[in-house]
Amino acid sequence: LQLPGLERLEIINNGTLRFRAEQIPDVRHLGLKLDLGGSVLEEIEGVEKLEALEVGPVRDRGALERLVKRPLRFFKAVHGNLDTIEPLRDCPSLTNLWLLGLNRLTSLAPLADLPDLRELSVTYCTRLKLDRSILRLPALRKLLLFANKDIDLTAIRPEIEGLGLEHFLS
């Protein structure tokens, strides 16, 4: 199966698709479930035009490093055992980042090195502590913090509102 000209491919509802990177040469936006064996990682690395990636579960730092070693603009990590997002420092092209259900994640500090990050969505990261450095990101325009039980929103709400960010805090 060859799919030239296809720019967006999303496999939803826990579906899986076995593919070779050369079958989807024009895909710029890819959304899929990662397999346990890591074979999908190899194929993702070969999708040369990729700018936006939605994946999960992201099980470890090594997988994250492989996923973001290209100039992505959009990255969404859904579920997994990540306790750090340190590899994101090496992806300064990111403008939109969504982190969902990364229950071992404790810090967003590595995001301070992302000068073009405009939109940040962090939900259900239950051990996360907020690092105020993200509030100083020069390009940040939209912030969504939802159901991150260890973040004291009352302490940071005035600061966020004072920045004039489009935001949702809960």
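Along the sequence shown, the residues carry numbers beginning at 1.
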Exercise for review: Among residues two or more places apart or on two chains, list those pairs meeting salt bridge (Lys or Arg N to Asp or Glu O under 4.0 Å) that have a residue in residues 109-123.
Suggested key: Arg89-Asp113
Practice item. Give every residue pair that meets the salt bridge (Lys or Arg N to Asp or Glu O under 4.0 Å) criterion with at least one member in residues 100-112, sequence neighbours excluded. Key: Asp83-Arg104
Review point. Hydrophobic cluster mates of Phe74, side-chain heavy atoms under 4.5 angstrom, ILVMFWY only, any path?
Key: Trp98
Check your understanding: Are Ile156 and Leu99 connected, step by step, through hydrophobic side chains (Ile, Leu, Val, Met, Phe, Trp, Tyr) whose heavy atoms are closer than 4.5 Å?
Key -> yes
Distance check, rounded to the nearest 0.5 Å: [X] atom [atom1] versus [Y] atom [atom2]?
X	Y	atom1	atom2	result
Leu94	Leu111	CG	CG	8.5 Å
Arg132	Leu130	CZ	CG	7.0 Å
Leu153	Asn148	CG	CG	8.0 Å
Thr106	Asn103	OG1	CG	12.0 Å

Review point. Do any pairs count as a side-chain hydrogen bond (donor to acceptor under 3.5 Å, both in side chains) and have a residue in residues 52-61, sequence neighbours left out, and if so which ones?
Key: His29-Glu54, Arg61-Glu65
Point to revise | Pairs touching residues 133-143 that satisfy side-chain hydrogen bond (donor to acceptor under 3.5 Å, both in side chains), sequence neighbours left out | key: Asp131-Ser133
Revision key, fill the gap. Taking every heavy atom of Gln23 against every heavy atom of Arg20, the minimum-distance pair comes out as OE1-N, 2.6 Å
Revision key, fill the gap. For Pro110 and Leu114, the nearest pair of non-hydrogen atoms, with its separation, is O-CG, 4.5 Å
Exercise for review: Start with the C-alpha distance between Val27 and Leu50, add both sets of side-chain angles, then the distance that settles side chain to side chain contact (heavy atoms under 4.5 Å, CB included), and finish with yes or no.
Suggested key: CA-CA 6 Å; Val27 166; Leu50 197 60; 4.3 Å; yes
Practice item. Would you please name every residue forming a salt bridge (Lys or Arg N to Asp or Glu O under 4.0 Å) with Arg70, sequence neighbours left out? Key: none
Study note, to complete from the structure: Hits for salt bridge (Lys or Arg N to Asp or Glu O under 4.0 Å) against Glu45, two or more places apart or cross-chain, chain-then-number order -> Arg66, Lys69
Would you list the atom pairs, donor with acceptor, under 3.5 Å between side chains in residues 163-170 and any protein atom, with sequence neighbours excluded?
unit_1 : atom_1 : unit_2 : atom_2 : d
His167 : ND1    : Leu165 : O      : 2.8

Check your understanding: So does Glu159 pair up with Arg157, basic N to acidic O under 4.0 Å?
Key -> no
Exercise for review: May I ask you to decide whether Arg127 forms a salt bridge with Asp150, counting only side-chain N to carboxylate O separations under 4.0 Å?
Suggested key: no
Please identify each residue that fulfils side-chain contact (heavy atoms from CB on, under 4.5 Å) with [X], with sequence neighbours left out.
X	answer
Ala21	Glu43, Val47
Leu128	Leu105, Leu108, Val122, Cys125, Ile151
Asp26	Pro4, Lys49
Leu67	Leu34, Leu41, Ile44, Leu53, Val55, Val58, Phe75

Review point. Would you find more than 12 non-hydrogen atoms of other residues, nucleotides or ligands less than 6.0 Å from Glu161 atom CD?
Key: yes
